[in-house]
Amino acid sequence: MAELPEDTPLDIIEQLIAEGEARRVEQATLVETQARCGQDIAEAQRQLQETEDTLAALHCRREYLRAMQAPP
């Protein structure tokens with residue numbers, strides 16, 4: 001994942017999560033399709049894992065930003 005600036009607003013993080021979730025679904029479908037066709041899925045699985053790792057980082061950032069916005 002490319003580093004995001006510390007001041008990236010929550011709405012941008014939300015948008016990136018939505019886009020990442022869509023990519024995750026597409027990539028998971030690709031893995032399943034390739035597996036059913038007997039194709040090598042190593043690269044597709046690597047890309048799926050990378051997408052999932054990026055999403056996990058974005059979810060953490062979102063939770064941090066939400067916590068920082070919460071009243072004390």
Side-chain angles (χ1 to χ4, degrees):
M1 174 175 99
E3 291 296 317
L4 294 174
E6 285 294 317
D7 61 346
T8 302
L10 182 58
D11 62 326
I12 299 297
I13 299 296
E14 294 283 359
Q15 179 183 351
L16 292 170
I17 289 172
E19 292 169 3
E21 289 292 349
R23 276 193 298 278
R24 186 191 62 75
V25 169
E26 290 172 5
Q27 193 64 32
T29 301
L30 178 63
V31 169
E32 291 172 10
T33 301
Q34 286 181 330
R36 260 187 270 120
C37 293
Q39 297 175 347
D40 182 16
I41 60 171
E43 179 61 22
Q45 284 182 315
R46 187 195 65 74
Q47 289 179 7
L48 177 58
Q49 186 62 54
E50 186 175 300
T51 299
E52 290 173 343
D53 293 346
T54 298
L55 279 167
L58 287 168
H59 282 281
C60 287
R61 175 73 67 93
R62 179 177 64 186
E63 293 310 310
Y64 170 77
L65 290 173
R66 286 179 176 170
M68 295 303 290
Q69 292 177 349

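Using a 4.5 Å cut-off between side-chain heavy atoms of Ile, Leu, Val, Met, Phe, Trp and Tyr, with links allowed through other members, L48 and V25 fall into different hydrophobic clusters.
Between L10 atom CG and Q15 atom CD the span is 12.0 Å, to the nearest 0.5 Å. In this structure, CG on L16 lies 6.0 Å from CG on L4, to the nearest 0.5 angstrom. Here the straight-line distance linking atom CD of Q34 with atom CD of E43 works out to 9.5 Å at 0.5 Å rounding. Q49 contributes atom CD, which lies 10.5 Å from atom CZ of R46 (distance to the nearest 0.5 angstrom). Rounding to the nearest 0.5 Å places CD of E3 at 10.0 Å from OG1 of T8. In this structure, R62 CZ and L58 CG are separated by 9.0 Å, a value rounded to the nearest 0.5 Å.
Closest approach of I41 and V31 over heavy atoms only: CG2-O, 3.7 Å. Contact between P9 and L65 at its shortest, heavy atoms only, is C-CD1, 4.4 Å.
A salt bridge is defined here as a Lys NZ or Arg NE, NH1 or NH2 lying under 4.0 Å from an Asp or Glu carboxylate O, and E63 with R66 meets this definition.
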Problem set entry | side chain to side chain contact (heavy atoms under 4.5 Å, CB included) between R61 and E6, intermediate numbers included | CA-CA 10 Å; R61 175 73 67 93; E6 285 294 317; 4.3 Å; yes

